[in-house]
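Scroll down for the structure; my scribbles are underneath it.
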Amino acid sequence: MTAPSKIVADPSQAAAAPLLEVENLHVDFISRAGRTPAVRDVSFGLAPGEVLCILGESGSGKSVTLRALMRLLPQGRSEIRGQVRFQGEDVLKMPRRALNMLRGARISMIFQEPMTALDPVFTIGDQIAETVIRHTGASREKAMARALELLELVRIPSAERRLKAYPHELSGGLRQRAMIAVSLSCYPQLLLADEPTTALDATVQIQILILLKQLQQDLGMGTIFVTHDLGVAAQIADKIAVMYAGRVVEYGSAEEVLLNPSHPYARGMLASTVSGQPRDRDIAAIPGSPPDMRNLPAGCAFAPRCAFATDLCHRSEPGLTQRGAFGHVSCHHVHRLDPPAPAGASVTTL
Amino acid sequence: MWLYIAKRVLYAIPIALGVSIICFSLVYLAPGDPIQSLIPPDASDEDIAAIRRLYGFDKPVVFQYFDWLARAVTGDLGTSLQSNRPVLNEVTRAFGNTLMIAVAAVIVAFVLATIFGTLAAFNLGKPVDKVATSISTLGVSIPNYWMGIVLVILFSVQWRLLPATGMGGDGSDGFSWFEWDQARYAILPMVTMAMIPLGVVTRSTRSAVADTLSQDYVQLLRAKGLGEGRVVLHALRNALPQMLAVMGLQLGYLIGGSILIETVFNWPGTGLVMSRAILTRDIPLLQGTILILALSFVAINLIVDLLQTLVDPRIKRS
């Protein structure tokens, strides 16, 4: 294990108090067979109104990180260590009651699957109103009026009728909009979005993304956006954290990470995107497959797939090397590597 | 909604007809001649033939069925061979008696099973779960006649708290759960009857609620900051269609009258009537009882189906 690293706050945001500070977050899953690490020594920070994208492939620990921030992992079968400070309060040490006051009111989550994340036997209106009633103590009528406002806010057509609809009566895109309405019901300061567009059709994905981006800006919400889609990250991120085998291997501003990635994994990932590549060339893929988390290699988890790996990489896990204003990279050879080849990804804004 | 109900009721009619055919013919498939139990051993052939004609046993079975059906739809189920009283009266009285304890047993079982099953599902693998699972296994596996006898030994013989058998002095007409004098007779048979549904429904509630708890939307409920009470509400609301289906079946079985329980407690319900009808070869009584029971089973299924469309919006109502 490496020594805990200190994250330097982004100077541009220095004036604003941090919204969220995550330090040395570890998550282990506990089963009869033993302990499996899922998140290892993850640190990052978020200022109010900022968007952080956590990038990584399935099983890299990005969703688990997100759930750990809200302590949504199954109790008894998981252990969370480290520090998660939200507006100065330590979420991990908070009593249950205080945690429930926080969840859904100041921190909200959007889930990946709008099909299964809404209760099938309650109406959309009820599911929104229930959160409003829980956190504001409003009457049912007032909460329903609020639910209607929210459905209009997320631009669901004929919102009044949809209020009384059940989830199965809506299309995937509308359902995801309804889910966003649920998560916005108390205007949270921090929005956690777990691959909110992955389960949707491509055209609907873009609509939802535009909606989220706009709501995020209008409401000034700090947002953590988990995705495996580089394009999505390029569209909305201020900061990017790339995760591999439970660790953040590269963390920095969106420009730095997307245009000038340092970690061999981040480079490989960027090289494997379709956009900007010549048509007649095969897409470069990272050889091998991610490691089994129950059986991690002794050194750097990426070493077995890495073209730059040396003996050192197989022997010891790299610490964090400061990069840019606030970011870091976890690679032994970060100084030795050539400047990266043009990755092809360009940062565009909506 | 009304259209849907009308449609479901129409669907029930062919089922009821099929049931009536089976009821009617079952009795003929059984060996033995019903007339034998009515006639003295030294009766002449003419007398036997006369009695046959009197009861319609001389016609072909198909005609007998239609005669019987035509009378049955007007409420005339014939006359009991043994008591010479109208079968309909006998059956409705017994049916009422069984219904009184069966419905009470089902309500008690449903309430307790919901509590046990939910507690178990929220604490899978923990001691609470193990206790609830043991109760449910015991409920299902203990023979209920044995349970009845044990209860009689304890509550009637040892502690002298409750009467061992029978029904209050006023019989079925004066029965009420709200008068102790009457209700005390019904408690032991009711408790005995509740054992099996308690076991079955606890088990299905546990699995239905546990299944619900593993769904994504329960995570969303927690992410919304809702308390455990609200989570229980959502979980039960989702498990309810499944629980209702199981409960409906159990009520159907109980109304069929538990011959064993009613015999142990000498409770004058359908089970007792049926066993008497079988032993005395009282065919009109047996047919009438089975018909009423089968029809009530069909009706219960219909009610459960309709209730399910009410509690589960995913079932189409068109």
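In what follows, chains are A, B, ... by sequence order, proteins preceding strands, each numbered from 1.
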Using heavy-atom distances under 4.5 Å, tell me whether B:L221 contacts chain A through its side chain, its backbone, both, or neither. side chain
Between [X] and chain B, which part of the residue has a heavy atom less than 4.5 Å away: side chain, backbone, both or neither?
X: A:Q112; result: neither
X: A:M101; result: neither
X: A:E130; result: both

Counting heavy-atom pairs closer than 4.5 Å to chain B, which one of [options] comes out on top?
options: A:T116, A:N100, A:T131, A:D119; answer: A:D119
options: A:H135, A:E169, A:M109; answer: A:H135
options: A:E113, A:Q127, A:R71, A:M115; answer: A:Q127

Should we count OH of B:Y145 as having more than 12 external heavy atoms under 6.0 Å? no
Considering residues, nucleotides and ligands other than A:R140, do more than 12 of their heavy atoms fall under 6.0 Å from its CZ? no
Determine the interplanar angle of the B:Y253 and B:F297 rings, folded into 0 to 90°, and report it as parallel if under 30°, tilted if 30 to 60°, perpendicular if over 60°. tilted
Within this structure, what is the CD1-CZ distance for the pair A:I156 and A:R175, rounded to the nearest 0.5 Å? 11.5 Å
Regarding A:R96 and B:E228, does a basic nitrogen lie under 4.0 Å from an acidic carboxylate oxygen? no
Should the pair A:R67 and A:F29 be classed as cation-pi, given the thresholds of under 6.0 Å to the six-membered ring centre and 45° from the axis? no
